[in-house]
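The structure appears right after this line, and notes come after that.
Count residues from 1 along the sequence. The basis for the numbers below is simple: all heavy atoms, side chains too, and nothing from hydrogens, waters or symmetry mates. As the structure lists them, so they are numbered: ligands from 1, and atoms in each ligand from 1.
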Amino acid sequence: MSTSRLSDSSRPAAWHITSMNPAEAPWPLLLLADPSREKVKRYLPRCVCYAARQTAQFTPSGLGALIGVCALQPPQDEQAQWELMNMAVSPAWQRNGIGSALLHHAIRELRKRGVQQLEVGTGSFGDQLLFYQRLGFRVSRIDHDFYLRNYTTPLWERGVQLKDMIRLTLAL
Ligand SMILES: CC(C)(COP(=O)(O)OP(=O)(O)OC[C@H]1O[C@@H](n2cnc3c(N)ncnc32)[C@H](O)[C@@H]1OP(=O)(O)O)[C@@H](O)C(=O)NCCC(=O)NCCS
């Protein structure tokens with residue numbers, strides 16, 4: 001289990017990583033990473049999920065409030081790979097190492113299953129590209145016009161419309 005503490009000592013801030021039932025994943029977090037509720041509804045039930053939880057905050061389950069999610073889809077056919085479908089950390093908690101810890105945890109779990117490769121698709125520019133490459137992912141291909149073909153509403157990041165998806169692969 002990974003744990004950490006934010007540097008701001010004014011708030012109770014310990015967190016830890018656990019497995020999570022996909023049905024438990026909170027929509028505000030899932031939609032941060034993927035604005036299409038319809039798409040999320042399709043892939044989420046078949047995903048293996050992990051969560052970052054704020055241990056200091058009381059919840060009825062005793063596990064702590066969810067502040068990060070990571071959803072991994074097993075291969076859908078013989079040619080396919082495991083794919084990271086959704087990954088998000090609550091804005092107030094971002095850039096504290098939680099996303100990296102979640103993904104490292106997921107990678108360790110996939111290795112235990114004997115998985116050799118993990119794929120992810122993300123926008124062709126932006127912070128996420130840096131995030132994945134810092135963790136060792138390498139660019140494998142470009143899916144031109146992916147966001148134009150698959151989303152009914154245009155997606156924008158810092159005033160630039162997202163059009164192409166970069167596919168990245170991590171050898172495990
Ligand atoms: C991408 C995301 C999951 C990363 O989680 P995180 O807990 O913030 O990540 P970490 O703290 O482990 O790593 C942060 C690193 O990622 C990159 N990064 C992530 N978010 C960033 C941001 N908003 N601005 C600049 N760099 C960012 C940087 O390299 C950063 O390292 P640094 O803090 O040393 O500069 C999180 O920012 C998020 O939820 N974003 C919104 C949802 C999303 O886009 N998900 C990915 C879909 S493909």
> Can you tell which of Arg95, Met87, Gln128, Glu157 gets a heavy atom nearest to atom 44 (O) of ligand 1?
Replying inline: Gln128
>> On a heavy-atom basis, I'd like to know which of Gly126, Gly121, Ala101, Ser100 is closest to atom 10 (P) of ligand 1.
In response: Ser100
Quick one: nearest non-hydrogen protein atom to [atom], plus distance?
{"atom": "atom 48 (S) of ligand 1", "result": "Thr122 OG1, 3.3 Å"}
{"atom": "atom 39 (O) of ligand 1", "result": "Val89 N, 2.8 Å"}
{"atom": "atom 7 (O) of ligand 1", "result": "Gly99 N, 2.7 Å"}
{"atom": "atom 19 (C) of ligand 1", "result": "Asp127 CB, 4.2 Å"}
{"atom": "atom 38 (C) of ligand 1", "result": "Gln94 NE2, 3.3 Å"}
{"atom": "atom 31 (O) of ligand 1", "result": "Arg134 NH1, 2.6 Å"}

>> With a 6.0 Å cut-off (strictly less than), is the heavy-atom count around CZ of Arg149, excluding the residue itself, greater than 12?
In response: yes
> Is it true that atom CD of Gln116 has more than 12 heavy atoms of other residues, nucleotides or ligands lying nearer than 6.0 Å?
Replying inline: no
Could you list which atoms of ligand 1 come closer than 4.0 Å to a heavy atom of [X]?
{"X": "Leu130", "value": "29 (O)"}
{"X": "Leu32", "value": "42 (C)"}
{"X": "Gly97", "value": "10 (P), 11 (O), 12 (O)"}

>> Protein heavy atoms near atom 2 (C) of ligand 1, is at least one of them under 4.0 angstrom away?
In response: no
>> Side chain, backbone, both or neither: which applies to Asn96 and ligand 1 if a contact is any heavy-atom pair less than 4.0 Å apart?
In response: backbone
> Are the side chain of Asp164 and the backbone of Ser124 linked by a donor-acceptor contact shorter than 3.5 Å?
Replying inline: no
> Would you say the side-chain atoms of Thr55 pair up with the backbone N or O of Ala14, donor to acceptor, closer than 3.5 Å?
Replying inline: yes
On a heavy-atom basis, which atom in [X] and which in [Y] lie closest, and how many Å separate them?
{"X": "Leu118", "Y": "Leu84", "value": "CD1-N, 3.7 Å"}
{"X": "Leu129", "Y": "Gly123", "value": "CG-O, 3.7 Å"}
{"X": "Leu66", "Y": "Leu29", "value": "O-CD1, 4.2 Å"}

> Between Phe131 and ligand 1, is there a nitrogen or oxygen pair with a distance under 3.5 Å?
Replying inline: no
> Within the structure, does Ala88 bring an N/O atom to less than 3.5 angstrom of an N/O atom in ligand 1?
Replying inline: no
>> Salt bridge check, Arg167 against Glu83: does any charged N sit closer than 4.0 Å to a carboxylate O?
In response: yes
>> Tell me whether Lys112 is salt-bridged to Glu109, with the criterion being a basic N under 4.0 Å from an acidic carboxylate O.
In response: yes
> So, do Trp82 and Leu172 sit near enough that their side-chain heavy atoms are less than 4.5 Å apart?
Replying inline: no
